[in-house]
Amino acid sequence: MASLVIRTGRADVSFDGIRTEFGLPSSFDAAVLAEAEAAVSRSPGDRPDLTSLPLVTIDPPGAKDLDQALCVLKSGDGFVVHYAIADLGLFVTPGGPLDLEVRRRGQTLYLPDGNVPLHPTVLSEGAASLLPGVVRPAVLWTFTCGADGVPAAVEVRRAMVRSTAQFDYESVQKSFDAGDPHPSVAALAEFGPLRRALALQRGAIELQLPEQEIESDGEGWQLVTRPRAEVDSWNAEISLMTGMAAASIMLEARVGVLRTLPDPDAAAVATLRKSAAALKVAWPADLSPGAFLAGLDASRPESLALFTDATRLLRGAGYSAFNGSVPELVTHAGVAAPYTHVTAPLRRLVDRFATEVCLAVTAGQELPSWLAEALPQLPSLMGSSDSLASKVERASLDQAEAWVLAGRVGQEFDAVVLRSGDNEAEVFVSAPPILAKCAGKRLPEGERIRVRLTEADPVERRVRFEHAR
């Protein structure tokens, strides 16, 4: 992990300019807060008490908005997976001030010095969050799976649950590495790889590009890249399995909202194959793009270049709402199956509505009118929200990169060429970890080069390099 500290003693180290530029809200209106406060004491109604399930949460360190709690158990040759999801449907009244506000926001926006939450924190970090040691209302998914990891039965219902412990990814990974995982997740080491193997068989596509993060070190900010541990991947497979099950429920009932992504077109796959050949990376003719990418060593520079090229395979993501007739596109190329969002309702608007569809359908009930009326609005609301979230994340990274490199113009760095054009390339500088543009004619993709910093402007949030010959 590479990092470089930005000291907060500097007066210009603030992300408030980004909040102002994108018009991000700094608070909730009084009516919204009042409804949220009142909802805290709302009765959960008659639900089964499943607090005996030894659920645990796995989230980033310090997280308080805990959407999911899980328990993965061996059952004979197979598995039983319990996956509890925060039940926002209990707390949000359709058409009320809180509902209208969260529809406007769409999702939680993450900035290094504080989030812009989807829901007031009295709910997202309090009464609705699956915090450890407290009883919470939840929507519980239960999967009974065979030895191959494929669900033979799926149940979804409202229940009362209690998380027994809160973990972070790093500590859980260390427990597996030490051979002493928590009993609630011990079977994840067997179940997760089974699910990952199934994903590759389907043709799922996953890119292993380095993820840049900005985090506090107690004195300032660190710009870091964090490798994805096995536990991250195993845990993600539980969420993906749930989203796939929810999509199946919707498609069978011919009503719901799906997360969709078109299959890669032939030209994009052909371009990626040409890049692999140029980089002298073997790609057997019978190997799918997903399987090929999964087999690459993410630490190799040519792999980084191919992962960057492969982003062309995953374009056109969106949401598709339907009621009565199934849309033409129902699959998500990254998952290689029909898929929807139901596992992060504290942080993403669409999950609450998709969950309510699944609960109504599996109970044999008609969708309530408010839900049926909301479905057609969700693709537009989520599309706008996703676009804003992407811009805010990119602006935050651009700002941090410019701060890190301010005063270092003229210095040289080691970099990997990710994607090259006639006069400019995209490069990854590993220390500090930065993705940036670099001037140079037809720079060699997948190779390590030396680059010289020519611009680091914190005001414009712009960083540029040139090839240092």
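A quick note: this is a predicted structure, and the numbers were derived from the prediction, not measured. Residue numbers run from 1 in the order of the sequence given.
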Does [X] reach the side chain of [Y], with side-chain heavy atoms less than 4.5 Å apart?
{"X": "Arg162", "Y": "Val134", "answer": "no"}
{"X": "Ile238", "Y": "Val81", "answer": "yes"}
{"X": "Met382", "Y": "Leu349", "answer": "yes"}
{"X": "Val417", "Y": "His467", "answer": "no"}
{"X": "Arg47", "Y": "Leu90", "answer": "yes"}
{"X": "Ser239", "Y": "Tyr83", "answer": "yes"}
{"X": "Val185", "Y": "Phe176", "answer": "yes"}
{"X": "Asp59", "Y": "Asp168", "answer": "no"}

No-hydrogen, no-angle side-chain donor-acceptor test under 3.5 Å, [X] and [Y]:
{"X": "Gln107", "Y": "Asp386", "answer": "yes"}
{"X": "Thr260", "Y": "Ser320", "answer": "no"}
{"X": "Asp297", "Y": "Ser303", "answer": "no"}
{"X": "Ser385", "Y": "Arg348", "answer": "no"}

Salt-bridge test for [X] and [Y]: reply yes if a basic N is under 4.0 Å from a carboxylate O, no otherwise.
{"X": "Asp113", "Y": "Arg19", "result": "yes"}
{"X": "Arg394", "Y": "Glu401", "result": "yes"}
{"X": "Asp309", "Y": "Arg419", "result": "yes"}
{"X": "Arg352", "Y": "Glu356", "result": "no"}
{"X": "Asp265", "Y": "Arg315", "result": "no"}

Can you give me the closest heavy-atom contact between [X] and [Y], atom names plus distance?
{"X": "Glu35", "Y": "Gly96", "result": "OE1-C, 3.8 Å"}
{"X": "Leu453", "Y": "Glu455", "result": "CD1-O, 3.3 Å"}
{"X": "Pro345", "Y": "Leu88", "result": "O-CG, 3.9 Å"}
{"X": "Met250", "Y": "Gly256", "result": "SD-CA, 3.8 Å"}
{"X": "Pro338", "Y": "Leu251", "result": "CB-CD1, 3.6 Å"}
{"X": "Ala402", "Y": "Arg461", "result": "CB-CA, 4.3 Å"}

### Query
Are Val429 and Val451 close enough, and set up right, to give a side-chain contact (heavy atoms from CB on, under 4.5 Å), and what steps lead you there?
CA-CA 9 Å; Val429 176; Val451 297; 4.3 Å; yes
Counting only N and O atoms by type, is there a donor-acceptor contact under 3.5 Å from the side chain of [X] to the main-chain atoms of [Y]?
{"X": "Thr331", "Y": "Ala333", "answer": "no"}
{"X": "Glu230", "Y": "Gln173", "answer": "no"}
{"X": "Asp351", "Y": "Thr343", "answer": "yes"}
{"X": "Ser420", "Y": "Glu445", "answer": "no"}
{"X": "Ser171", "Y": "Phe167", "answer": "no"}
{"X": "Glu393", "Y": "Leu109", "answer": "no"}
{"X": "Asp457", "Y": "Val459", "answer": "yes"}
{"X": "Ser248", "Y": "Met244", "answer": "yes"}
{"X": "Ser184", "Y": "Pro54", "answer": "yes"}

Once rounded to the nearest 0.5 Å, what's the spacing between atom [atom1] of [X] and atom [atom2] of [Y]?
{"X": "Leu24", "Y": "Leu388", "atom1": "CG", "atom2": "CG", "value": "6.0 Å"}
{"X": "Asp67", "Y": "Asp65", "atom1": "CG", "atom2": "CG", "value": "6.5 Å"}
{"X": "Asp99", "Y": "Thr93", "atom1": "CG", "atom2": "OG1", "value": "8.0 Å"}
{"X": "Asp16", "Y": "Glu21", "atom1": "CG", "atom2": "CD", "value": "12.5 Å"}
{"X": "Ser163", "Y": "Leu53", "atom1": "OG", "atom2": "CG", "value": "11.5 Å"}
{"X": "Arg450", "Y": "Arg452", "atom1": "CZ", "atom2": "CZ", "value": "9.5 Å"}

### Query
Are Tyr169 and Trp234 close enough that their ring centers fall under 6.0 Å?
no
#### Entry: Centroid separation Tyr339 to His341 less than 6.0 Å
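Yes, close enough.
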### Task
Keeping to residues at least two apart or across chains, list the side-chain hydrogen bond (donor to acceptor under 3.5 Å, both in side chains) pairs with something in residues 374-384.
Arg103-Gln377
### Message
Quick check on side-chain contact (heavy atoms from CB on, under 4.5 Å): which of Val161, Leu50, Thr164 does Leu55 satisfy it with?
### Response
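When Val161, Leu50, Thr164 are each tested with Leu55, the side-chain contact (heavy atoms from CB on, under 4.5 Å) holds only for Val161.
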### Task
Go through Arg105 and Val116 one step at a time and tell me if the side-chain contact (heavy atoms from CB on, under 4.5 Å) criterion holds.
CA-CA 9 Å; Arg105 295 190 179 211; Val116 180; 3.9 Å; yes
If you count the non-hydrogen atoms of other residues, nucleotides and ligands that lie under 6.0 Å from [atom1] in [X], is the total more than 12?
{"X": "Arg300", "atom1": "CZ", "result": "no"}
{"X": "Glu213", "atom1": "CD", "result": "yes"}
{"X": "Glu170", "atom1": "CD", "result": "no"}

Which donor-acceptor pairs under 3.5 Å do side chains of residues 118-131 form with protein atoms, sequence neighbours excluded?
residue: His119; atom: ND1; partner: Leu346; partner atom: O; Å: 3.1
residue: Ser124; atom: OG; partner: His119; partner atom: O; Å: 3.4
residue: Ser124; atom: OG; partner: Pro120; partner atom: O; Å: 3.4
residue: Ser129; atom: OG; partner: Lys64; partner atom: O; Å: 2.5
residue: Ser129; atom: OG; partner: Leu66; partner atom: N; Å: 3.0

### Query
Where does the angle between the aromatic ring planes of Phe143 and Trp141 fall among parallel (under 30°), tilted (30 to 60°) and perpendicular (over 60°)?
parallel
### Message
side-chain contact (heavy atoms from CB on, under 4.5 Å) for Leu240 and Thr242? Distances and angles first, verdict last.
### Response
CA-CA 5 Å; Leu240 291 170; Thr242 307; over 6 Å; no
#### Entry: Check against side-chain contact (heavy atoms from CB on, under 4.5 Å), Val392 and Phe15
CA-CA 10 Å; Val392 168; Phe15 294 89; over 6 Å; no
### Task
Evaluate the salt bridge (charged side-chain N to carboxylate O under 4.0 Å, His left out) criterion for residues Arg448 and Asp414: first the C-alpha distance (whole Å), next the side-chain angles of each, then the deciding distance (0.1 Å), finally the verdict.
CA-CA 7 Å; Arg448 289 186 170 91; Asp414 290 320; over 6 Å; no
